Amino acid sequence: MFKDLFNETIWSLAGNKIRSGLTMLGIIIGIASVIALVAIGQGAQNSIEANIEAIGSNLIIISPGAQRSASGINTSRGSAQTLTLDDTSAIAAEIQNVNGIAPEVSNRYQAIAGGNNTNTQIVGTVSAYTTVRNINVDLGTFITDQQVKTSAKVAILGATARDDLFGVDANPIGQKVRIKNVDFDVIGVMLAKGGSGFANPDDQIYVPLTTAQHFLSGDSFVSTISIAALDQNSMVVVQQQITNLLLQRHKITDPTQADFSMMNQSDIIATASNITGTFTMLLSSIAGISLLVGGIGIMNMMLTTVTERTREIGLRKAVGVRKIYINLQFLFEAIVLTFLGGAVGILLGWTASLVISKLINMQAQVSLSSILLAFGVSAGVGIIFGFYPARKAAAMSPIEALRYE
C-alpha cells in the first residue's frame, strides 16, 4: 500500500515540477533561515563565553555605581567616581583567598606613532594585571611596581595596537607613542588573545596606573577593580566580604544604595548567554514566519490539485477505492513536499552558516536539536496544512466528482 502511495506521489509531483518547486520554496527558505540563525547564534554565544573566560580566572570586577544628578535621577551605571586606590589597598589587606588584585583607569584616547595613529583603549594599571586578567607578554616586559611608584611614562602595546601604529608583527620596543600630548616609551608588546569590539584586549595600550591618573584622567579615582579569587569555590565568599568592606568604608548602611556594583565571571557569562539566546530566539521566530507562509503555499497547491483531479477522485471512488486511501494519498503528497523542502533547507542553512561564519570569522555551531526541530516542523507543516485538502478530496461524492467539469 505504502509503496503504491509513494509511487503515485512521486508521479503526481513530478508531473508539475515548477509548481512543486515553488511550493517547497517557502519551506526551504524558512528551514534554512532557522538553521543558519540558530547555528550563528550558538556560535556567537560560545565565542562570547570563551572570550569572557579568557579574560581571567575566577574573576570579580568591581565598578563604580550610577551617578545621581541634583534632581535625584540616576545616570548609567559606572558613571560615578567612587572607587579609589585606598579601597584597593583595604581589599588587599583585609580579604583572604585573593590571588591578585588590579585597579585600573581606562578610557579611549588617540595614540600617535610617527605618521600612524589609532583611537584605542588606554588602560592604566599595575603589575598584577597580567595575573588577574590572564594575559601574557610577547615582547619586552610589563609594568613593574617601581614604574607605578614613579609614574613612569612607559607603555605596553596590545597586538592590534602595535600593528596599527608600527606595522604588522613589528618590534616597537624603544620607540615612542604620543597619548594626549605625552610621549611614552614602548617597553613591551602583549601576546595576542583574539577578540573584537571595544573590549578587545589586543586593541589596548597599558601604562602605569599612577601615570594614567596624573597625565591622562587627571584625578585619583579608578575605573574598575579586578580581583582574582583563589579558586571557584571561594568566589562567593570573597565577593560578599568585599561588599561588606566597601559598604563599611563608604559609610553606606543600606546595601541597595551602594555606590558600586560587583559582577563575577559566572554572572557575566550568564548575562551574555541570556542576551545572545534571546536574540537568537527572536531572529529564529521571525524566520519561522516563512514556514507558516510555506505551509499556506502547500495547502493552496494541494487545494488546486484536488480541484484539478476531481474527476480522477470520482473515478477512484466509483471503482471502490476506500476513503482512507484517497485521504492518505493527498496527505502523503503534502508531507513529501515538506520533507523534501526541509532536507534542502537544512543543507542550505548549514552551508549558509558555514559561509557566514567564515566571513565574520566566527565558528558557527549547527546543533542536532536544530536539525531535529527542522524535520519536526517540516512534518508538522505537511500534516497540518495537508490535512484539509486531503479530507476535502476524500469526502467528495463520486457522482458529483464524475460530473465535475
Side-chain angles (χ1 to χ4, degrees), residues 2 6 9-10 12-14 16-54 194-197 200 269-270 272-302 331-386:
F2 287 103
F6 181 77
T9 297
I10 297 301
S12 176
L13 296 179
N16 199 328
K17 299 182 181 64
I18 296 178
R19 184 168 68 184
S20 299
L22 291 175
T23 302
M24 290 190 299
L25 191 59
I27 298 295
I28 292 173
I29 294 174
I31 294 295
S33 300
V34 171
I35 292 289
L37 289 173
V38 170
I40 293 171
Q42 187 64 47
Q45 182 172 330
N46 293 340
S47 177
I48 290 172
E49 290 179 2
N51 287 339
I52 293 173
E53 289 175 353
S196 60
N200 182 5
I269 291 175
S273 298
N274 287 336
I275 293 172
T276 54
T278 302
F279 192 62
T280 301
M281 286 296 295
L282 175 63
L283 293 178
S284 300
S285 299
I286 295 173
I289 294 175
S290 59
L291 291 175
L292 177 62
V293 175
I296 295 172
I298 287 176
M299 184 168 67
N300 182 58
M301 192 208 82
M302 295 307 298
L331 185 60
F332 202 66
E333 287 183 17
I335 293 175
V336 168
L337 276 174
T338 53
F339 263 80
L340 286 175
V344 175
I346 289 173
L347 181 62
L348 184 61
W350 198 321
T351 303
S353 64
L354 294 177
V355 171
I356 294 173
S357 66
K358 292 292 184 182
L359 293 176
I360 62 178
N361 194 25
M362 183 194 67
Q363 184 65 43
Q365 182 175 344
V366 179
S367 62
L368 178 62
S369 60
S370 63
I371 294 177
L372 294 176
L373 175 64
F375 267 112
V377 169
S378 296
V381 167
I383 292 171
I384 293 172
F385 289 95

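Since we're looking at a predicted model, the values are computed, not measured.
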>> To the nearest 0.5 Å, what is the distance between CD1 on Ile35 and CG on Leu347?
In response: 10.5 Å

> Quick one: CD1 on Ile28 to CG on Leu340, what's the gap to the nearest 0.5 Å?
Replying inline: 8.5 Å

>> For a quick test of reading the model, state the closest non-hydrogen atom pair linking Gly345 to Ile31 and the distance between them.
In response: C-CG2, 3.8 Å

>> On a heavy-atom basis, which atom in Ser353 and which in Ala36 lie closest, and how many Å separate them?
In response: CB-CA, 4.1 Å

